[in-house]
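What you are looking at is a predicted structure, and each value in this text was computed from that prediction instead of being measured.
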Amino acid sequence: VQLQASGGGLVQPGGSLRLSCVASGFTLDYYNMAWFRQAPGKEREGVSCLTSTDSMTDYADSVKGRFTIARDSAKNTVYLHMNSLKPEDAAVYYCAADRLYSSSWSSVSSSQKYDYWGQGTLVTVSS
């Protein structure tokens, strides 16, 4: 079982990036999928979640309206589309998978809930 995150890089404020998370060894359609991020000196925080059975999405208030999570079942991949990036979005971004369904933000945004983690991809937002 493996999650492989990619797509990070350096982008100017106001720019866009698309992060990808490819799953192997399991079918991510059956898992709650999430993106977390961790900036230096800060705790890991939930950014977005996509539920398994009903494909509900939710976002941290700080990214609502700017980020979009999506799944491509054929590619067994989940994406995080990030627009209007701000310097405070800079962090290492991680994808995560959870076998148990949950839809409340307090639950899906808790890193302790997740079974599998990708290795992280660095996003730098700077002019």
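Remark: side-chain polar atoms of S48 are paired, donor with acceptor, to backbone N or O of D58 under 3.5 angstrom. Within the 3.5 Å criterion, the main-chain N or O of V22 finds no donor-acceptor partner in the side chain of N76. The backbone N or O of V108 sits less than 3.5 Å from a side-chain atom of Y114, completing a donor-acceptor pair. Between the D98 side chain and the D115 main chain, no donor and acceptor come within less than 3.5 Å of each other. Using modelled atom types, no side-chain atom of S84 and backbone atom of R66 make a donor-acceptor pair closer than 3.5 Å.
By the neighbour-count criterion of 12 heavy atoms within 6.0 Å, atom CD of E43 is sparsely surrounded, having that number or fewer from other residues, nucleotides or ligands.
Nearest heavy atom pair, residue P13 against residue S126, reads CD-C, 3.6 Å. Residues A23 and L3 approach most closely at CB-CD2, 3.7 Å, considering heavy atoms. Closest of all the heavy-atom pairs between A97 and Y31 is CB-CD2, 4.0 Å. Listed here is the closest heavy atom pair of I69 and M33: CD1-O, 4.0 Å.
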Please test D89 against K86 for salt bridge (Lys or Arg N to Asp or Glu O under 4.0 Å), starting from the C-alpha separation and ending with a verdict. CA-CA 5 Å; D89 294 319; K86 304 175 181 180; over 6 Å; no
Take V125 and Q12 through the test side chain to side chain contact (heavy atoms under 4.5 Å, CB included) and record every step on the way to the result. CA-CA 5 Å; V125 184; Q12 292 185 344; over 6 Å; no
Determine, step by step, whether T51 and N32 satisfy the side-chain hydrogen bond (donor to acceptor under 3.5 Å, both in side chains) criterion, reporting the C-alpha distance in whole Å, the side-chain angles of both residues, the deciding distance to 0.1 Å, and the verdict. CA-CA 4 Å; T51 62; N32 270 24; 4.9 Å; no
Go through the steps to decide whether K113 and S107 satisfy the test side chain to side chain contact (heavy atoms under 4.5 Å, CB included), and finish with yes or no. CA-CA 7 Å; K113 179 173 168 55; S107 176; 3.2 Å; yes
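No single ILVMFWY cluster, assembled from side-chain heavy atoms under 4.5 Å apart, contains both L28 and Y94. Residues L50 and Y93 share a single hydrophobic cluster, defined by chaining ILVMFWY side chains whose heavy atoms lie under 4.5 Å apart.
In this structure, F67 has its ring center at least 6.0 angstrom away from the ring center of Y59. Aromatic ring centroids of F26 and Y116 lie under 6.0 Å apart. Between W117 and F36, a ring centre-to-centre spacing shorter than 6.0 Å is recorded.
Side-chain polar atoms of T77 and D72 form no donor-acceptor pair below 3.5 angstrom. Side-chain atoms of S73 and D29 form a donor-acceptor pair, as typed in the model, at a separation below 3.5 Å.
To the nearest 0.5 angstrom, C21 atom SG is 8.0 Å from Q119 atom CD. Atom NE2 in H81 sits 8.0 Å away from atom OG in S20 (nearest 0.5 Å). Separation of atoms NZ (K42) and CZ (R37) is listed at 8.0 Å; rounding is to 0.5 Å. Between the OG atom in S111 and the CD atom in Q38 there is a gap of 8.5 Å [rounded to 0.5 Å]. With rounding to the nearest 0.5 angstrom, the OH atom of Y30 is 12.0 Å from the OG1 atom of T53. Rounded to the nearest 0.5 angstrom, Q4 CD and T121 OG1 are separated by 9.0 Å.
L10 pairs with exactly one of V123, L122, T124 by the side chain to side chain contact (heavy atoms under 4.5 Å, CB included) rule, that one being T124.
In this structure, R71 forms no cation-pi arrangement with Y79, as its terminal cationic atom is not both closer than 6.0 Å to the ring centre and no more than 45° off the ring axis.
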